[in-house]
2 protein chains.
Amino acid sequence: MDSSNVLELNLGVGNNGGGQVGQSVRPRCPAPFLLKTYDLLEESGNGGKIVSWNGDGSGFIVWSPAEFSDLTLPRFFKHNNFSSFIRQLNTYGFKKISSKRWEFKHEKFQRGCRDMLVEITRKKCEPSVFPSYLKSSSEENAITSNNSMEENNNNSHQLLMEENKNLKKERLELQMQIAEFKSLEMKLLECLSQVMDNHQNKSRGQC
Amino acid sequence: MDSSNVLELNLGVGNNGGGQVGQSVRPRCPAPFLLKTYDLLEESGNGGKIVSWNGDGSGFIVWSPAEFSDLTLPRFFKHNNFSSFIRQLNTYGFKKISSKRWEFKHEKFQRGCRDMLVEITRKKCEPSVFPSYLKSSSEENAITSNNSMEENNNNSHQLLMEENKNLKKERLELQMQIAEFKSLEMKLLECLSQVMDNHQNKSRGQC
DNA sequence: GGGAATATTCCC
DNA sequence: GGGAATATTCCC
């Protein structure tokens, strides 16, 4: 049954279209970028000379990047830059599957399967500095709040409040660290400029 | 030389583009949006019938939103939506100063002062050490979550999860700020020791 | 008016 | 290829 619960949770934790918090989730529509890219292939107004599905419809090929940029892109998007198009493909997890030509694939992007586009999501930009942190805490959340309600409602509520409290405490500590860093930075810069001034005026250096 | 060294350093540390996380330095060129809006006013190709500076050049007035949207916007931006234009104005801190007409002001946006545009920064991305928005939303949540249970149980749960999510996001941002500060500190110390070495060896200094 | 998602650009 | 800033859209 409730895959819907899981989905709902994921929504709460991660981002998603709309940003509504407690809404019933679901069959939201695919990202505009995906629809446009799909439609642009179906259109094939040029007999597939510029861009087309590949042989088995498991991907697509941009045969002529120049014409694609000049003629096709601006009809579907607000730009005519091939690289911006590529950037979007990467954002949605498409892979370039040939070094010889501009052929791209995504497991959920196939000819005849427009409905499957909804399965494709943007890659979340998880900053590389502390990726594990977020991950683990998201998981925690998913676990604690996905039980059958009623009984566990109160319990998970308590856990959330607890976690919340800890997060705030942690935030304060981080903010104080940052304040110290700022002060340190200022001192260092001051010191540096002083040294350089002294330096310039002649020889004699201390900090 | 002088402060240019310092600037260089700060820029090296973070994202210089729009300048934020480590802040302390100003981007050298104004945001494209500001330049376009300024230029669009200078142009005044229509005799100021559609849009123009106000009397003393301390702000500007969109006299005809419809024509402005249809004719002016698409020549400078990738859209023709008045509301998107307004959204940008708000992002950069402009104020609507009349309920009767579309007149906007920003302290640093004045006729004849194109150079002053660099002083204008986007609102959203300056994570100050103690972000105020955060405080207020936390407080709100705290208040709203101790109402009578039952009905509000689910609601407050959602709010808690939302707050939780935000806190985690914030934590990540703070951690990234700290990482940048650490890197900056290292560079500064390196630079400092280099300068002092040079200094000691004789006269002839650069960093 | 502004938060937040997606789109586009810029840059490594 | 992808991080991150700005731009545009969507929604409250």
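On a predicted model such as this, the values are computed, not experimentally measured, just so you know. A, B, ... follow the sequence lines: proteins, then strands. Residue 1 opens every chain.
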In whole angstroms, how far is the [atom2] atom of [N] from the [atom1] atom of [X]?
| X | N | atom1 | atom2 | result |
| --- | --- | --- | --- | --- |
| K36(B) | dT8(C) | NZ | C1' | 11 Å |
| F104(A) | dG1(D) | CZ | P | 7 Å |
| K123(A) | dA5(C) | NZ | C1' | 18 Å |
| Q88(B) | dT6(D) | CD | P | 10 Å |
| L89(B) | dG2(C) | CG | C1' | 13 Å |
| K96(B) | dG1(C) | NZ | C1' | 12 Å |
| F33(A) | dA5(C) | CZ | P | 19 Å |
| N90(B) | dA7(D) | CG | P | 14 Å |

field: Strand-adjacent residues in residues 74-87 of chain A, judged by heavy atoms under 4.0 Å from DNA chain C
entry: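 The stretch gives F77(A), K78(A), H79(A), N81(A), S84(A), R87(A) as the residues lying under 4.0 Å from the strand, ordered by number.
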message: Are L117(A) and K108(A) packed together at the side-chain level, in the sense that at least one heavy-atom pair is separated by less than 4.5 angstrom?
response: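 They are not in contact (no side-chain heavy atoms under 4.5 Å apart), so the answer is no.
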- prompt: Name the one of L89(B), I120(B), D39(B) that satisfies side chain to side chain contact (heavy atoms under 4.5 Å, CB included) with L34(B)?
  reply: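 Of the listed options, the one satisfying the test is I120(B).
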query: W102(A) and ring-ring contact (aromatic ring centres under 6.0 Å, His included): which partner among F82(A), F68(A), F94(A)?
result: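 The option that passes is F82(A).
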message: Taking any heavy-atom pair under 4.0 Å as a contact, classify F94(B): base, sugar-phosphate, or nothing.
response: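 Here F94(B) touches no strand at all.
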query: According to a strict under-4.0 Å criterion, is Y92(A) in side-chain N/O contact with OP1 or OP2 of dA7(C)?
result: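 Affirmative; the distance criterion is met.
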query: Out of dG2(C), dA7(D), dT6(C), which has the shortest distance to the side chain of R122(A)?
result: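 The closest nucleotide is dT6(C).
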- request: Name the closest nucleotide to the P32(B) side chain, picking from dA7(C), dG2(C), dT6(D).
  value: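 Closest of the options to the side chain of P32(B): dT6(D).
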query: Once the angle between the rings of F33(A) and F85(A) is folded into 0 to 90°, is it parallel (under 30°), tilted (30 to 60°) or perpendicular (over 60°)?
result: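 It falls in the tilted class, 30° to 60°.
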field: Contacts of type ring-ring contact (aromatic ring centres under 6.0 Å, His included), residue F104(A), not counting sequence neighbours
entry: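 Here the qualifying residues are F60(A).
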task: Evaluate the side chain to side chain donor-acceptor pair (under 3.5 Å) criterion for residues R87(A) and S83(A): first the C-alpha distance (whole Å), next the side-chain angles of each, then the deciding distance (0.1 Å), finally the verdict.
output: CA-CA 6 Å; R87(A) 185 74 196 82; S83(A) 57; over 6 Å; no
Evaluation steps, side chain to side chain donor-acceptor pair (under 3.5 Å), between W53(A) and E42(A): CA-CA 8 Å; W53(A) 291 102; E42(A) 291 298 272; 2.8 Å; yes
